[in-house]
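Let me begin by presenting the structure, written as structure tokens, before commenting on it.
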Amino acid sequence: HFYCITMLTIITLRRITSKVVSRSLFSTAVKSKRNVDPVQESFLEEKCFLVDEKDSIIGQASKRDCHLVRKDGDILLHRAFSVFLFNKKRRFAVTEAITYPNMYTNTCCSHPVADFAGEDEEADAIGVRRAARRRLNYELGIPLEQIPLENLNYITRIYYKDEGNGKWGEHEIDYVLFFQGDVKVKPNSNEISEISFVPRNELDDYIPTLSGPMTPWFQMILKHRLRFWWDNLDNLEEIRDHKNILKLKL
């Protein structure tokens, strides 16, 4: 989940169907000339965890190197996570992030990194959950006390590869984490350009209203798993799969 380019944000409201469906949007006012932000540039030097196809850690590499597409099409396989945040009304938070400019994705997408102690700990994905808590606080401004680790539910892992634009791409084992609760959200304009809380029964009407495409991992999860998981928010124990690594394709 690669980071670049800065955007400014403003708040607006709109509806997606004839029903009164409030969507809190942080619309983008894009600078006419996009420069690489020094904060985002520094994030590219953070050390991600390289893994094999069984998700065993085999080394480290910078976030920049992990997303470079080699001449032979190879991309370093590394560990990542995707958080799906639902409020108590079971509405799901979709974001347009700076990760992939003008692309929509699940609530928060990033990596556990060696720069923060304990994010490599394996038991019950505690290291990944620590990283997710850290990024939810940074990207969405959610107070840490509102994100207890025990409420970040580790659902499963997904393996996928996407060569992107041929220069920057993705090759990840992605931990899927669910969080449900009403939290204070104050998006970081250096990370999030839009956030929408979408009801389950409006999802199919909502997707065509997006002003840009979806990130590859979100598109795959939406196609193959999201509706099923969403329908089982009250039965997460029954849908968890910590043994297998799912291989999804577009």
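All residue numbers in this chain count up from 1 along the given sequence.
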Residues in side chain to side chain donor-acceptor pair (under 3.5 Å) contact with Glu163, at least two apart in sequence or another chain |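 Testing Glu163 for side chain to side chain donor-acceptor pair (under 3.5 Å), a comparison that skips the adjacent residues, returns none.
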
Test: Arg130 and Glu121 ion pair at under 4.0 Å |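 Between Glu121 and Arg130 there is a salt bridge, with a charged N closer than 4.0 Å to a carboxylate O.
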
NZ/NE/NH1/NH2 to OD/OE distance under 4.0 Å, Glu45 and Arg64 | yes

Are any side-chain N or O atoms of Asn151 and backbone N or O atoms of Ile147, one a donor and one an acceptor, separated by less than 3.5 Å?
-> no

Donor-acceptor pair, His242 side chain versus Arg157 backbone, under 3.5 Å?
->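 Checked: no pair found.
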
Check whether any side-chain heavy atom of [X] sits under 4.5 Å from a side-chain heavy atom of [Y], and report yes or no.
X	Y	result
Phe81	Arg135	yes
Val69	Lys167	no
His67	Glu170	yes
Ser110	Glu139	yes
Gln146	Lys184	yes
Phe86	Phe197	no
Leu177	Ile155	no
Val176	Arg225	no

Is there a donor in the side chain of Trp217 and an acceptor in the side chain of Asn106, or the other way round, less than 3.5 Å apart?
-> yes

If you measure only the distance, is there a donor-acceptor pair under 3.5 Å linking the side chains of Arg129 and Asn153?
->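 No, because no side-chain N or O of Arg129 sits under 3.5 Å from a partner of the opposite role on Asn153.
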
Can you name the closest pair of heavy atoms from [X] and [Y] and give their distance?
X	Y	value
Thr156	Asn244	OG1-O, 3.8 Å
His78	Cys48	CB-CB, 4.4 Å
Val198	Val94	CG2-CG2, 4.1 Å
Arg133	Leu149	CD-CD2, 3.9 Å
Ala93	Thr107	O-OG1, 2.5 Å
Pro143	Asn137	CA-ND2, 4.2 Å

ILVMFWY network linking [X] to [Y], side-chain heavy atoms under 4.5 angstrom:
X	Y	value
Tyr160	Phe228	yes
Trp229	Tyr104	yes
Ile57	Leu76	no
Trp168	Ile75	no
Phe179	Ile126	yes

From the options Lys47, Glu46, Glu172, select the one residue that forms a side-chain hydrogen bond (donor to acceptor under 3.5 Å, both in side chains) with His111.
->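 Answer to the side-chain hydrogen bond (donor to acceptor under 3.5 Å, both in side chains) test with His111 among Lys47, Glu46, Glu172: Glu172.
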
Six-ring centre of Phe92, Arg200 cation under 6.0 angstrom, axis tolerance 45° = no

Side chain to side chain contact (heavy atoms under 4.5 Å, CB included) with Lys247: which residues, sequence neighbours excluded?
->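 Partners of Lys247 under the side chain to side chain contact (heavy atoms under 4.5 Å, CB included) test: Glu53, Tyr159.
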
How many angstroms lie between atom [atom1] of [X] and atom [atom2] of [Y], to the nearest 0.5 angstrom?
X	Y	atom1	atom2	value
Gln180	Leu236	CD	CG	8.0 Å
Ile158	Leu248	CD1	CG	4.5 Å
Asp65	Leu44	CG	CG	10.0 Å
Leu77	Cys66	CG	SG	9.0 Å
His171	Asp162	NE2	CG	11.0 Å
Tyr175	Asp55	OH	CG	3.5 Å

Apply side-chain contact (heavy atoms from CB on, under 4.5 Å) to the pair Asn232 and Phe178, showing each step before the final yes or no.
-> CA-CA 11 Å; Asn232 285 276; Phe178 273 26; over 6 Å; no

Steps toward salt bridge (Lys or Arg N to Asp or Glu O under 4.0 Å) verdict (Asp115, Arg134) = CA-CA 12 Å; Asp115 307 66; Arg134 171 175 58 83; over 6 Å; no

For the pair Leu222 and Arg227, evaluate side-chain contact (heavy atoms from CB on, under 4.5 Å) and give the outcome as yes or no after the intermediate values.
-> CA-CA 7 Å; Leu222 176 64; Arg227 292 171 179 84; 3.8 Å; yes

When the ring planes of Phe218 and Phe84 are compared, do they come out parallel, tilted or perpendicular, using 30° and 60° as the limits?
-> tilted

Candidates Asp174, Val113, Val128 - the one meeting side-chain contact (heavy atoms from CB on, under 4.5 Å) with Arg79 = Val128

